[in-house]
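Let me begin by presenting the structure, written as structure tokens, before commenting on it.
Every chain is numbered from 1 and lettered A, B, ... according to where its sequence line falls, protein lines coming before strand lines. Keep in mind the model is a prediction, meaning the values are calculated, not measured.
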Number of protein chains: 2
Amino acid sequence: MSEPGVGGESLLFLTDEQLRKGIEAMFFAYRGFTADPDRILDGMDYGRAHHRAIHFIHRTPGTTVNNLLNILGVTKQSLNRVLRTLVEDGLVESRVGREDKRERHLFLTPRGAELERALSDAQRARMRAAYRAAGPQAVQGFRQVLEAMMDPDLRRQFQSQKESGA
Amino acid sequence: MSEPGVGGESLLFLTDEQLRKGIEAMFFAYRGFTADPDRILDGMDYGRAHHRAIHFIHRTPGTTVNNLLNILGVTKQSLNRVLRTLVEDGLVESRVGREDKRERHLFLTPRGAELERALSDAQRARMRAAYRAAGPQAVQGFRQVLEAMMDPDLRRQFQSQKESGA
DNA sequence: AATTTACGTCAGCCTTGTTGACTTTCCAAG
DNA sequence: CTTGGAAAGTCAACAAGGCTGACGTAAATT
């Protein structure tokens with residue numbers, strides 16, 4: 001519809017066929033994306049939920065349970081089950097907040113950091129290979145489309161995190 | 001390594017920081033990607049597994065159970081549970097094979113096609129918005145990276161499907 | 001005739017998500 | 001100081017959707 005002046009070459013990438021292929025690419029790629037960490041985790045008592053918790057605690061040490069809840073988009077009961085096992089097993093440390101003692105601040109223990117490293121090494125290796133194969137231009141496009149696909153709230157979180165990290 | 005002549009600008013997109021952001025982008029984008037169909041499905045008795053089955057039966061009408069198994073990467077017991085409810089509810093038809101009578105060929109009924117439409121309309125709408133926001137160049141990069149991220153077997157399947165469809 | 005293949009099904013288990021109800025701790029406002 | 005409400009944790013129950021193992025049947029293949 002509309003889009004005056006762009007001529008016939010444009011908008012071909014918006015056909016239902018193209019979109020369907022994008023959808024399937026997303027589905028299959030996500031499988032690859034999670035495959036390596038999943039392989040590491042199964043055999044241990046942990047699953048993908050533990051991986052996610054560990055990842056974000058690593059990224060933002062001292063984050064509170066509530067923060068994590070919002071990022072992960074699960075209920076506190078669900079997160080708590082995961083967190084409890086990680087604390088029990090000595091991979092995560094939960095410290096009572098100094099300012100607000102209701103809050104618990106989460107940190108990886110050395111052993112937790114070790115597992116995090118193993119998981120993210122595997123995941124980054126796949127990502128790196130894909131990035132390298134596709135090239136910097138493609139990576140930029142990849143990131144643009146992914147960001148545009150996020151829910152607006154998450155996109156804002158994601159992008160603000162990006163600015164401070166650049 | 002190598003990449004002669006490109007100078008210092010290259011390979012910056014392969015830093016651990018960049019890869020970590022790509023990983024998180026993938027995570028958050030996938031949530032957005034599944035959010036709309038999930039919303040439609042919950043309230044009905046169906047979930048994401050039903051969506052996937054419906055999607056691929058729609059894409060390849062007459063596909064066999066075994067085909068579907070391989071594409072979805074689940075066990076037959078798991079798929080069967082989903083498929084049974086879809087057949088019982090009259091969304092999917094399972095026809096005994098004419099050549100090989102051991103096989104069951106799967107088709108969407110009109111009602112199944114109706115649900116498929118609702119689900120894929122929602123998912124395509126988000127995809128279309130993201131594609132439009134990012135532009136054709138970015139979409140090409142998006143697809144390149146995703147394909148490079150798949151497991152090799154799936155990538156082959158995916159790409160051969162692409163050729164015949166172009 | 002024996003074996004393999006495709007499919008279905010029963011039973012049981014695990015992970016990870018959900019709701020609902022309840023407690024404890026603590027901050028902050030009245 | 002008391003009280004209201006937020007943050008966190010806990011218990012219980014449940015559901016979806018993965019998994020394995022075992023078994024049955026029909027059809028194709030050898």
Side-chain angles (χ1 to χ4, degrees), chain A residues 27 30-31 34-35 37-57 62-89 92-107, chain B residues 27 30-31 34-35 37-57 62-89 92-107:
Chain A
F27 173 65
Y30 197 79
R31 278 242 293 273
T34 58
D38 281 358
R39 246 189 301 277
I40 293 174
L41 287 162
D42 118 329
M44 323 176 67
D45 293 354
Y46 302 133
R48 219 177 271 183
H50 300 84
H51 179 194
R52 291 199 280 261
I54 287 173
H55 173 97
F56 285 106
I57 294 172
T63 188
T64 65
V65 173
N66 236 346
N67 275 340
L68 209 47
L69 243 42
N70 292 327
I71 291 172
L72 296 177
V74 297
T75 60
K76 65 175 175 176
Q77 293 91 330
S78 200
L79 175 59
N80 195 253
R81 180 171 35 201
V82 164
L83 233 36
R84 196 191 325 156
T85 67
L86 290 174
V87 169
E88 280 171 3
D89 297 353
V92 167
E93 197 193 330
S94 166
R95 291 183 211 154
V96 172
R98 277 191 308 125
E99 306 215 328
D100 185 336
K101 293 175 191 164
R102 293 168 301 180
E103 297 178 339
R104 307 297 144 96
H105 298 273
L106 303 169
F107 302 85
Chain B
F27 172 64
Y30 197 78
R31 278 243 291 274
T34 57
D38 281 358
R39 247 189 301 279
I40 293 174
L41 287 163
D42 119 328
M44 323 175 70
D45 292 356
Y46 304 134
R48 219 175 272 182
H50 299 84
H51 180 194
R52 292 198 280 260
I54 287 174
H55 173 98
F56 284 105
I57 293 172
T63 187
T64 65
V65 174
N66 238 344
N67 276 340
L68 209 47
L69 242 42
N70 292 328
I71 290 172
L72 295 176
V74 297
T75 59
K76 65 172 178 176
Q77 293 92 328
S78 202
L79 175 58
N80 194 254
R81 179 169 37 197
V82 164
L83 231 36
R84 197 191 323 160
T85 68
L86 290 174
V87 170
E88 279 172 4
D89 297 352
V92 166
E93 198 194 332
S94 167
R95 291 184 211 153
V96 171
R98 278 192 308 126
E99 305 216 324
D100 187 334
K101 292 179 192 163
R102 292 171 305 178
E103 297 179 340
R104 306 299 144 93
H105 298 273
L106 303 169
F107 301 87

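In this structure, B/H50 reaches the sugar-phosphate backbone alone: every heavy-atom distance under 4.0 Å involves primed, P, OP1 or OP2 atoms, never a base. Nucleic acid contact for A/G97: none, since no nucleic acid atom lies under 4.0 Å from a heavy atom of the residue.
Every residue was checked against the side chain to side chain donor-acceptor pair (under 3.5 Å) condition with B/Q77, not counting sequence neighbours, and none meets it.
Straight-line distance from the CZ atom of A/R39 to the P atom of D/dC19: 14 Å, rounded to whole Å. If you take CG of B/D45 and P of D/dG17, they are 10 Å apart, rounded to a whole angstrom. One can place NE2 of A/H105 at 11 Å from C1' of D/dA7, the figure rounded to the nearest angstrom.
Distance from the side chain of A/E103 is smallest to D/dA7 among D/dC19, D/dA7, D/dA28.
Mapping B/N67 and B/R81 onto DNA chain C by nearest heavy atom places B/N67 closer to the 5' end of the strand.
Proximity of a side-chain donor or acceptor of A/R31 to a complementary backbone N or O of B/L72 within less than 3.5 Å is detected.
The phosphate of D/dC19 has OP1 or OP2 within less than 4.0 Å of a side-chain N or O from B/T75.
Mapping heavy-atom proximity under 4.0 Å, the span of DNA chain C touched by chain B runs 5' to 3' from C/dT5 to C/dC10.
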What N/O pairs connect the protein and nucleotides 9-11 of chain D at under 3.5 Å? Give each pair on its own line.
| residue | atom | partner | partner atom | Å |
| --- | --- | --- | --- | --- |
| D/dG9 | N7 | A/K76 | NZ | 3.1 |
| D/dG9 | O6 | A/K76 | NZ | 2.7 |
| D/dT10 | OP2 | A/N80 | OD1 | 3.1 |

